[in-house]
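See below for the structure under consideration.
On a predicted model such as this, the values are computed, not experimentally measured, just so you know.
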There are 2 protein chains.
Amino acid sequence: MILKSQVEWALHCCAILSGLPEGRYLSTKALAELHGLPKEYLSKALQSLSQAGLVLTTLGPSGGYRLAKAPSELTFLEIVEAVEGSGRTFVCNNIRANNPCRPQGYCESGPCAIARIMWEADEAWRAKLRSVTLADLGEILAQDIPADIWNGTFEWVLKRAG
Amino acid sequence: MILKSQVEWALHCCAILSGLPEGRYLSTKALAELHGLPKEYLSKALQSLSQAGLVLTTLGPSGGYRLAKAPSELTFLEIVEAVEGSGRTFVCNNIRANNPCRPQGYCESGPCAIARIMWEADEAWRAKLRSVTLADLGEILAQDIPADIWNGTFEWVLKRAG
DNA sequence: CGAAATAAGGATAACACATATCCTTAATCT
DNA sequence: AGATTAAGGATATGTGTTATCCTTATTTCG
Ligand code: SF4
Ligand code: SF4
């Protein structure tokens, strides 16, 4: 059970976009080049973010993407679910219904304990991702990344932002 | 990102095995029939449990599986990881290494903030599954399931247990 | 001892999904 | 008008899950 690589791509792109000045846009081409990713396929991930309403777009030269909200209002969970979907990791195929011992026509009432416990684990995963915003990420990255690389990347981005 | 259906199968089988009297074994055939599952494929899930040391086996007629530990010592996490593997859901492809702005030969020190946050979410999921044992499940099931079905299934199992 | 039953595991096919590329369309900017 | 861009349809390609079949070694029982 592995997340799509598009999740990693989307998180990285959002991290870059969160450093973009108000009103500027960054194109798929620039984001793909910065991360060394196939432009056409990365485009699908960005389209997912767009459909989820997390980013705004403009067309034409100087077009591209920018965040639709403040970084402090954008959680990891929103980004992950935009790309990966919001379904549960444990799907119940109701195999208890095949039990030959149960009376004919007996109908189970709701999910059993196994499913409920697995879903609680899913919810713990979601809760953690919901608790971290892009602003939180930015603070940690600013401490982790050497200043010269951080500034160099920022310059590189601004030179290409429309 | 969806767990294998074998995870559901393994959990159901362990729930049944936890009700088995000391020293008795239940065969793949019986477990497959009870849950309405393909015997040969369910066998692969049981083999995973066996390889992980969670169940013990014997060969020959009256052979089959029983738990290797007390239900109170067997956690959901062990069962899930036996079947699904213990890898992380977020795999880092180190795409930051493709950043054209970083100096030549610059070597990142360890995983970045994005990966660490995603892995913390994984750990929250694991922590929840680690906190629930088969004994806990048994208590909840005993309350959820009508007594006649519970007893009928138990009889059915004992009739087939070696 | 011989026959039946069982776990273990190798080989292989069918299927679903992730990954990747290509192309068209409509909108926007210069 | 021409260049650039997001959006999205169509279509391969690869990978992992699901499923079946068959062989082997071991155990039980008549
Ligand atoms: S997990 Fe629970 S609800 Fe799902 S099939 Fe098993 S018994 Fe039914
Ligand atoms: S998640 Fe972090 S460690 Fe992984 S590729 Fe992205 S920057 Fe690198």
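- Residue Tyr25(B) places none of its side-chain N or O atoms closer than 4.0 Å to OP1 or OP2 of dT28(D).
- Among the heavy atoms of the strands, none lies under 4.0 Å from Ser43(B).
- Atoms CD (Glu40(B)) and P (dA13(C)) sit 17 Å apart, rounded to a whole Å.
- Note on Thr58(B): only backbone sugar-phosphate atoms sit closer than 4.0 angstrom, heavy atoms only; bases stay farther off.
- Checking dT6(C), dA19(D), dA8(C) against every side-chain atom of Ser27(B), the shortest atom distance belongs to dT6(C).
- Between Lys29(B) and Tyr41(A), the residue anchored closer to the 5' end of DNA chain C is Lys29(B), taking for each the nucleotide with the nearest heavy atom.
- Protein atom CG of Leu3(A) is 19 Å distant from nucleotide atom P of dT15(D), rounded to whole Å.
- Gly162(A) comes within contact range of no nucleotide atom at all, as no heavy-atom separation falls under 4.0 Å.
- In summary, the side chains of Ser5(B) and Asn93(A) do not present any donor paired with an acceptor at a separation below 3.5 Å, with no hydrogens or angles considered.
- For dG8(D), the OP1/OP2 oxygens have a side-chain nitrogen or oxygen of Gln51(A) closer than 4.0 Å.
- OP1 or OP2 of dT19(C) sits under 4.0 Å from a side-chain N or O of Ser5(A).
- Along DNA chain C, the nucleotide nearest to Ser62(A) and the one nearest to Gln6(A) differ in position, and the one closer to the 5' end is contacted by Gln6(A).
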